[in-house]
Structure formats: structure tokens, C-alpha cells
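Position 1 is the first residue of the sequence, and the numbers go up from there.
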Amino acid sequence: MTRKILILLISFSLLLSGCSEGTAEKQTAAATGSEISSTETAQSGESTLKESSSAFSVEKAGSDSLVVYFSLAGEQYGVGEISKGNTAIVADKIAEKTGADTFEIVPVNNYPADLQSLFDVAAKEQDENARPDYIGDVENWDQYKTVYIGYPLWYDDMPMIVYHFLEDHDFTEKTVYPFDTSGGQGLLGTVDTIRSICAGADVKDGLTVRGSVAQNNPAETEKAVDNWLKKNGILP
């Protein structure tokens, strides 16, 4: 009887040992799998970032004209929460009318979506004379003879990220047409600023469209774009 009990105890002990080893192996495998999964996820994330970065390039229509613009959605002055930026709407209309290629200046670091925080960041960038980075760039820059440059008016000036783009590129012998959207202030001194930055370019008089008009009155926006393009001899 005692011998049977002893045999049972030994068998039970071996069984427990086997279970423990099996659990340990499973835990090791699970941990290894977790590391692999994390690595794959990281690699996938890096790949996605590279793919998304490469996506910020020129939308081509095979033109020698280019519409470059910076625009923000979210909460914006005078128009509330919007899904497409005021300047983007005007830029698309210019591209539609002229057949120009387009390039959107997209910031590396997103701007705040709420208006007050955006005001604070914009003011800080102006105070520091900052040059925020943007994603991607214009391929075959030299092929473009005409460049339309668009921006919202922030504190009576272009956003500093637009300064960065202008300073990054050689505008010699190009014709430049500025346009902006604002709460009604117009272009103010931004056209002269562009003339001073874009040495060697022929910078024409600009177009200004109220943000509220761009958002809420497509017919008036189209009319303003048409009149401006006709005035400059781009449309008949």
C-alpha cells in the first residue's frame, strides 16, 4: 500500500514538472512572438510613414504651371469648423481653370485644430521668425514657368511655413501670382514680401478672397478667380 502511494506521488510529481515546462515553453514562445509582432508593427509603421511622406508630392496634370498652397481645415476664423481649408478651395479652382499641377505645403508638425491654440502657435512662430518644416517637395521644379502661391493671412502676414517654402526655391525667371484668403483684410503687404524673397521673378498683383466666401459662396469664388485670371491674360 505504501509502495503504491509512493509510485503515485512520483508520477504526480513528474506530471507537474512536465506541465510547468510546457507552460514555460509556451510563455517563451508567446514572448518571442510578441517581440516579433512588435518589430513587424514598427517596421510596418515606418513603411507607412515613408509611403505617406512620398505621397506629399505634386499632383500632375502635365503643365508648366504650378499651384502651391498652404491651407488648414479644423476651426478657422469667421467660418467655424471646416473640413476643407479656405485657401485649398481657391487653389483647386485656380488649378481647374488653368490646368496647373498642384502642390500642398503640408507641415511636418500638425497645427492645432482649435482656433485659439492655432492663434497662439502662429503668433509664436512670427515672434521667433520660425521656419516650420513641410513634407515632401516639388519634383522637376525647373519645368514650371508660372507659379501660383496661396496662403491664409495670419496676423497680417503669410504663415511662416510659406516663407520657408519660398526661401527654399529659386524663382528666377518665373512668373508668380500670389493669392490669399482672409477675414477681409486683403493681401496687405504680402505681395511685396514675396517680391523681396523671390528675386528674379516677375511677381504679379495678387488675388484675395474672403474665407467666408470661399466656404459658402462657390459662384462668387469662381467669379473672383475668373476675373483675376482674365485680368492677367491667363483666361480669354
**Study point:** Asp114/Ser117 under side-chain hydrogen bond (donor to acceptor under 3.5 Å, both in side chains): CA gap, chis, key distance, verdict
**Key:** CA-CA 6 Å; Asp114 67 285; Ser117 297; 2.7 Å; yes

Residues 187-196 side chain polar contacts: donor-acceptor under 3.5 Å, at least two apart:
{"residue": "Thr190", "atom": "OG1", "partner": "Tyr151", "partner atom": "OH", "Å": "2.7"}
{"residue": "Thr190", "atom": "OG1", "partner": "Leu187", "partner atom": "O", "Å": "2.6"}
{"residue": "Asp192", "atom": "OD1", "partner": "Arg195", "partner atom": "NH1", "Å": "3.1"}
{"residue": "Thr193", "atom": "OG1", "partner": "Gly189", "partner atom": "O", "Å": "3.1"}
{"residue": "Arg195", "atom": "NE", "partner": "Val203", "partner atom": "O", "Å": "3.1"}
{"residue": "Arg195", "atom": "NH2", "partner": "Val203", "partner atom": "O", "Å": "3.0"}
{"residue": "Arg195", "atom": "NH2", "partner": "Asp205", "partner atom": "OD1", "Å": "3.4"}
{"residue": "Ser196", "atom": "OG", "partner": "Thr193", "partner atom": "O", "Å": "2.6"}

Review point. Can you check whether Thr208 reaches Ser182 side chain to side chain, under 4.5 Å on heavy atoms?
Key: yes

Practice item. List, by chain and number, the other hydrophobic cluster members for Tyr148, where Ile, Leu, Val, Met, Phe, Trp and Tyr join if side-chain heavy atoms come within less than 4.5 Å, directly or indirectly. Key: Val67, Tyr69, Val90, Ile94, Tyr177, Phe179, Leu207, Val209, Val213, Val225, Trp228, Leu229, Ile234, Leu235

Check your understanding: Between Gln143 and Asp64, is any side-chain donor less than 3.5 angstrom from a side-chain acceptor?
Key -> no

Practice item. With the side chain counted from C-beta on, respond yes when Val68 and Val147 share a heavy-atom pair under 4.5 Å apart, and no when they do not. Key: yes

Review point. Any donor-acceptor pair under 3.5 Å linking the side chain of Ser65 with the backbone of Ala100?
Key: no

Practice item. Work out which heavy atom in Ser71 is nearest to a heavy atom in Ala88; give both atom names and the distance. Key: OG-N, 3.0 Å

Check your understanding: Got Tyr111 and Glu125 here, is their nearest side-chain heavy-atom distance under 4.5 Å?
Key -> yes

Check your understanding: Looking only at side chains, do Asp170 and Thr172 share a donor and an acceptor under 3.5 Å apart?
Key -> yes

**Study point:** Heavy-atom side-chain contact between Phe119 and Pro112 under 4.5 Å
**Key:** no

Point to revise | Joint cluster assignment, Phe70 & Tyr77, ILVMFWY side-chain distance < 4.5 Å | key: no

Check your understanding: Taking NZ, NE, NH1 and NH2 as the nitrogens, is one of them in Lys97 or Glu222 under 4.0 Å from a carboxylate oxygen of the other?
Key -> yes

Review point. Between Glu167 and Phe165, is there a donor-acceptor pair closer than 3.5 Å when you use the side chain of the first and the backbone of the second?
Key: no

Practice item. Go through the side-chain N and O atoms of Asp101 and Ser63 and say whether any donor and acceptor fall under 3.5 Å apart. Key: no

Would you give me the side-chain donor-acceptor pairs under 3.5 Å for residues 152-160, sequence neighbours excluded?
{"residue": "Asp157", "atom": "OD1", "partner": "Tyr163", "partner atom": "OH", "Å": "3.0"}
{"residue": "Asp157", "atom": "OD2", "partner": "Tyr163", "partner atom": "OH", "Å": "2.9"}

Check your understanding: Are Asn86 and Gln76 close enough, and set up right, to give a side-chain hydrogen bond (donor to acceptor under 3.5 Å, both in side chains), and what steps lead you there?
Key -> CA-CA 9 Å; Asn86 304 325; Gln76 296 296 315; 5.5 Å; no

Review point. When the ring centroid of Trp141 is compared with that of Phe103, is the distance short of 6.0 Å?
Key: no

Review point. Between Lys174 and Asp202, is there a salt bridge with N-O shorter than 4.0 Å?
Key: no

Study note, to complete from the structure: CZ of Arg210 to OG1 of Thr221, rounded to nearest 0.5 Å, is 12.5 Å

Check your understanding: Does some side-chain heavy atom of Asn109 sit less than 4.5 Å from a side-chain heavy atom of Pro132?
Key -> no

Exercise for review: Salt-bridge test for Glu96 and Lys93: reply yes if a basic N is under 4.0 Å from a carboxylate O, no otherwise.
Suggested key: yes

Review point. In this structure, are over 12 heavy atoms from other groups packed under 6.0 Å from Asp127 atom CG?
Key: yes

Study note, to complete from the structure: Nearest heavy-atom approach of Thr102 to Ala95 is CG2-CB, 3.5 Å

Review point. Any side-chain heavy atom of Ile89 sitting closer than 4.5 Å to one from Gln215?
Key: yes

Practice item. Report whether Ile197 and Phe171 are members of the same hydrophobic cluster (ILVMFWY, side-chain heavy atoms less than 4.5 Å apart, transitive linking). Key: yes

Review point. Should Asp92 and Lys84 count as an ion pair when the cut-off is N to O under 4.0 Å?
Key: yes

